[in-house]
Amino acid sequence: SLLFPTRLRVIQHAFPDRSSYRAWLLEDGFRSHFTDPRALEHTSSPFVWFGTGEDATHPPSSDCIHSYLGGHDATLDWCRQFMAPCEAVAEELQMVDDGHKPDHGYDYDLVVIGGGSGGMAAAKEAAALGARVACLDFVKPSPAGTTWGLGGTCVNVGCIPKKLFHAGSLLNEAILQDSPAFGVQIASEMHANEVSTKVQWPVLRENIQNYIRSLNFKYRVRLREKDVTYLNKLGTFKNAHTIEAVDKKGRSSTITSSRFLIATGGRPTPLSCPGGDLAISSDDIFFMEQSPGKTLCVGASYISLECAGFLAGIGLDVTVAVRSILLRGFDRECSDRVGKYMEDHSKVKFRRGVVPSKLQKQENGQIEVTFSDGSTDSYDTVLAAVGRTADTEKLGISSLGIKVNSKNQRILGKYEQTDCPNVYAVGDVLDDTPELTPVAIQAGIKLARRLFGGSKEPMDYVNVCTTVFTPIEYSCVGISEDDAISKYGEDNVEVYHSEFLPLEWSLSNARSHSSAFAKIVCEKAEPQRVLGIHYVGPNAGEVMQGYGVSMRQGLTYKQLTETVGIHPTCSEEIVTLSITKSSGEDAAAGGC
Ligand code: FAD
Ligand code: NDP
């Protein structure tokens with residue numbers, strides 16, 4: 001009764017451990033009713049304070065206040081870190097009345113534009129909830145002329161071909177570098193005391209493409225089974241309830257719908273320097289008939305480093321042009337370890353602080369690249385991986401009042417709602433969300449449930465695990481050490497780390513000088529909430545997924561290290577981390 005019981009209840013429910021925290025909401029004007037801070041002391045638990053307006057900046061002083069979070073937004077951010085979906089956030093989720101009525105009279109309840117990860121997931125879920133749904137998917141050829149089937153980026157030109165090329169390159173490396181130490185000899189090489197390999201690009205490419213074609217087919221079947229009408233057509237808005245749909249032959253039709261979902265993803269940003277059109281992108285690399293040969297990868301994030309990694313792993317001469325740093329936004333120490341391994345072990349060359357300033361075709365078919373420092377070199381292939389731009393320019397959304405971020409053309413919106421009440425957006429096309437397949441899928445499913453299933457659960461974009469599939473993989477969940485320090489201050493952050501030799505590398509001469517690395521970033525104050533987990537080593541994606549679950553439950557250092565490990569694995573390093581960075585002790589001092 002003292003403190004706005006309704007909101008108090010909501011916030012209390014947001015805490016994983018109700019007994020150890022209490023939350024109090026101080027609304028504008030409440031301060032006048034709040035006469036005695038000792039009134040709060042009837043609870044033995046520490047509690048968290050937040051407020052709005054003037055009270056947000058002037059919390060009352062009381063010993064029993066455990067921590068002051070700041071205002072409303074800061075509190076919601078904090079709640080999101082602790083629990084998802086957090087009821088406090090759910091309460092915030094005010095779905096705009098988009099005018100949808102059962103007897104709307106349009107052709108469909110929902111038309112999804114884009115049949116990639118997010119669009120297909122939303123379409124199937126909405127149809128399963130009884131909605132009449134159509135899904136348009138149309139692939140505009142890349143500037144180099146490449147095109148593909150249903151399923152979007154992930155299946156055709158993203159995660160799937162990338163991971164299979166990566167797997168092929170790891171296999172090649174394992175045969176070349178590890179197999180001799182395990183006594184494995186390739187039959188035809190038994191007489192020579194050395195293993196050599198040659199990866200046949202056309203075979204690898206063809207097998208991967210066949211697999212992808214089988215997935216394209218399965219997706220069509222699944223849409224049909226779920227009663228989603230699949231249209232291989234390009235959609236453009238005419239008004240808020242009508243799109244024009246144009247097929248491959250240029251035939252046009254009109255489709256109306258009560259609601260629309262934009263899930264059109266993104267496309268590679270082209271190189272803007274003179275001759276930039278000679279460069280291919282990730283939309284083309286997986287389709288090349290012959291090996292790319294000596295390759296320059298431009299860019300230093302996920303796509304460039306992953307492609308550089310698998311090309312080097314299958315034996316090609318690879319250079320990466322790094323404009324500034326590797327893997328912007330990731331933990332600096334871990335990113336640098338990825339770069340060092342690629343340089344030392346995979347023999348990838350890094351040209352740091354340069355960008356291509358001109359590309360020119362030579363008579364021998366190679367591309368001569370002039371770099372910003374004036375140096376030149378020639379390559380068989382130049383792969384531009386300098387970011388992705390949302391495919392919204394020709395969607396006709398500006399006439400609906402839908403705003404985009406001018407830097408990347410991604411749609412602006414909260415809770416997947418655009419500025420037009422009956423038009424929604426998920427996946428890579430939505431600004432300020434991680435460009436990852438599982439994110440697009442989950443956001444699509446949750447949106448469909450809110451639109452057609454009465455759900456109020458928002459998509460939670462916090463603590464999403466991710467993995468960079470470089471020759472030494474890097475996975476993480478939560479924030480980097482760098483971000484933790486800038487957010488909480490160096491004195492309030494504790495880092496536990498360990499550098500170790502994965503057991504499976506220990507026999508191999510080629511690998512025994514390399515090391516894997518694990519680190520957790522925690523709040524220094526008890527109960528040492530874990531802010532981020534980072535791992536650089538074999539099978540990183542497999543290692544991190546489970547930790548992601550515990551991060552969503554508000555994991556603490558004690559809970560982590562009280563978990564019994566699985567021996568002998570790399571993952572157990574994370575539950576046994578004990579050396580703090582602040583101790584100055586060598587990270588290589590731990591380990592079994
Ligand atoms: P998309 O999958 O891009 O689908 C959009 C679809 O809409 C496309 O088929 C497009 O042709 C179609 N379309 C566009 N405009 C129209 C229109 N007007 N009418 C009809 N159809 C239209 N993510 C991971 O989680 N893990 C990874 O390992 C990973 N690796 C990647 C590797 C590469 C090389 C790339 C490029 C991306 C990778 N990603 C990865 C990211 C992942 O692929 C994307 O986040 C995901 O595909 C986004 O899904 P989406 O539904 O938003 O869009
Ligand atoms: P990013 O936007 O992540 O990175 C772009 C890179 O290109 C940066 O290194 C940037 O450097 C550099 N760059 C930008 N402009 C130029 C230029 N003009 N000349 C030279 N370099 C330039 O893009 P990506 O294409 O790598 O990836 C897009 C998204 O796809 C990722 O964010 C990720 O979410 C998703 N993805 C996920 C994968 C996974 O889950 N494993 C794999 C691949 C992609 P600078 O730092 O200086 O800005």
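Start at 1 and go down the list; that is how both ligands and their atoms are numbered. In what follows, every heavy atom counts, from backbone to side chain, and hydrogens, waters and symmetry copies are set aside. By convention here, the first residue in the shown sequence is residue 1.
Residue Gln362 places its CD atom among more than 12 non-hydrogen atoms of other residues, nucleotides or ligands, all under 6.0 Å distant.
Distances between N or O atoms of Phe138 and those of ligand 1 include at least one value under 3.5 Å. The distance criterion of under 3.5 Å between nitrogen or oxygen atoms is not met by Lys140 with respect to ligand 1. Below 3.5 Å of separation, one finds an N or O of Asp428 facing an N or O of ligand 1. For the pair Phe469 and ligand 1, the shortest N or O to N or O distance does not fall below 3.5 Å. Polar contact check, Thr153 against ligand 1: a nitrogen or oxygen pair lies under 3.5 Å apart. Considering backbone and side-chain atoms together, Thr437 places an N or O closer than 3.5 Å to an N or O of ligand 1. For Arg267, no nitrogen or oxygen atom sits less than 3.5 Å from a nitrogen or oxygen atom of ligand 1, counting backbone and side chain alike. For a threshold of 3.5 Å applied to N or O pairs, the pair formed by Glu306 and ligand 1 contains no separation below that value. Considering backbone and side-chain N/O of Gly235, one or more are found under 3.5 Å from N/O of ligand 1.
Under a 4.0 Å N-O distance rule, the pair Arg449/Glu457 does not qualify as a salt bridge. At a threshold of 4.0 Å, the pair Asp377-Arg351 does not count as salt-bridged, since none of the basic side-chain nitrogens sits closer than that to a carboxylate oxygen. A salt bridge links Arg213 to Glu206: at least one charged side-chain nitrogen sits closer than 4.0 Å to a carboxylate oxygen. A salt bridge does not link Arg132 with Asp107: none of the charged nitrogens is closer than 4.0 Å to a carboxylate oxygen. Here Lys446 does not pair with Glu416 in a salt bridge; the nearest charged N to carboxylate O distance is not below 4.0 Å. We find that Glu393 and Lys140 are not joined by a salt bridge, their nearest charged nitrogen and carboxylate oxygen being 4.0 Å or further apart.
With distances taken over non-hydrogen atoms, the option nearest atom 43 (O) of ligand 1 out of Pro438, Gly158, Cys154, Cys465 is Cys154. Among Val468, Asp137, Val112, the residue whose heavy atom lies closest to atom 8 (C) of ligand 1 is Asp137.
Nearest protein neighbour of atom 51 (O) of ligand 1, counting heavy atoms only, is Gly118 N, 2.8 Å. Scanning the protein heavy atoms around atom 15 (N) of ligand 1, the nearest turns out to be Thr264 CG2, 3.3 Å. Scanning all protein heavy atoms for the shortest distance to atom 28 (O) of ligand 1 gives Lys162 NZ, 2.7 Å. In terms of protein heavy atoms, atom 17 (C) of ligand 1 is closest to Leu234 CD1, 3.5 Å. For atom 53 (O) of ligand 1, the closest non-hydrogen atom of the protein is Gly265 CA, 3.3 Å. In terms of protein heavy-atom proximity, atom 7 (O) of ligand 1 is closest to Gly114 CA, 3.1 Å. Looking only at protein heavy atoms, the nearest one to atom 34 (C) of ligand 1 is Val157 O, 3.5 Å. In terms of protein heavy-atom proximity, atom 41 (C) of ligand 1 is nearest to Glu435 O, 3.5 Å.
Contacts of Leu395 with ligand 1, taken as heavy-atom pairs under 4.0 Å, involve the side chain alone. The backbone and the side chain of Leu436 each have at least one atom closer than 4.0 Å to an atom of ligand 1 (non-hydrogen atoms only). Contact annotation: for Arg388 versus ligand 1, heavy atoms closer than 4.0 Å belong to the side chain alone. The proximity of Cys159 to ligand 1, defined as any non-hydrogen pair under 4.0 Å, involves the side chain as well as the backbone.
In the vicinity of Asp391, heavy-atom distances shorter than 4.0 Å reach the ligand 1 atoms 14 (C), 15 (N). Shown in contact with Ile113 at under 4.0 Å from a heavy atom are these atoms of ligand 1, numbered in order with element: 17 (C), 18 (N), 19 (N), 20 (C). Numbered from 1 in the order shown, with element, the atoms of ligand 1 that lie under 4.0 Å from a heavy atom of Lys233 read 19 (N), 20 (C). Listed by number with element, the atoms of ligand 1 under 4.0 angstrom from any heavy atom of Gly427 are 52 (O). Interface of Ile303 with ligand 1, defined as ligand atoms under 4.0 Å from a residue heavy atom, comprises 35 (C), 36 (C).
Phe469 pairs by the ring pair (Phe, Tyr, Trp, His ring centres under 6.0 Å) definition with His166, not counting sequence neighbours. With sequence neighbours left out, the ring pair (Phe, Tyr, Trp, His ring centres under 6.0 Å) criterion links Tyr230 to no other residue.
Partner of Arg267 under the side chain to side chain donor-acceptor pair (under 3.5 Å) criterion, chosen from Asp391, Asp283, Asp428: Asp283.
Ring planes of Phe165 and Phe310: parallel class, angle under 30° (limits at 30 and 60°).
Lys238 contributes atom NZ, which lies 8.5 Å from atom OG of Ser399 (distance to the nearest 0.5 angstrom). Separation of atoms CD (Gln366) and NZ (Lys361) is listed at 9.5 Å; rounding is to 0.5 Å.
When all heavy atoms of Thr437 and Cys159 are compared, the closest pair comes out as OG1-SG, 3.4 Å.
Residue pairs satisfying the ring-ring contact (aromatic ring centres under 6.0 Å, His included) criterion with at least one member in residues 377-399, sequence neighbours excluded, are absent.
No side-chain donor from either of Tyr547 and Ser475 sits under 3.5 Å from a side-chain acceptor of the other.
Centroid-to-centroid, the aromatic rings of Phe237 and Phe260 come within less than 6.0 Å. Ring-centre distance between Phe330 and His534: not below the 6.0 Å cut-off.
The contact shell of ligand 2, taken as protein residues with any non-hydrogen atom closer than 4.0 angstrom, comprises Lys162, Val298, Gly299, Ala300, Ser301, Tyr302, Ile303, Glu306, Arg323, Ser324, Arg328, Val355, Ala385, Val386, Gly387, Arg388, Glu435, Leu436, Thr466, Thr467, Phe469.
Within the 3.5 Å criterion, the main-chain N or O of Cys334 finds a donor-acceptor partner in the side chain of Asp331. The main-chain N or O of Phe286 is found under 3.5 Å from a side-chain atom of Gln209 such that the two form a donor-acceptor pair.
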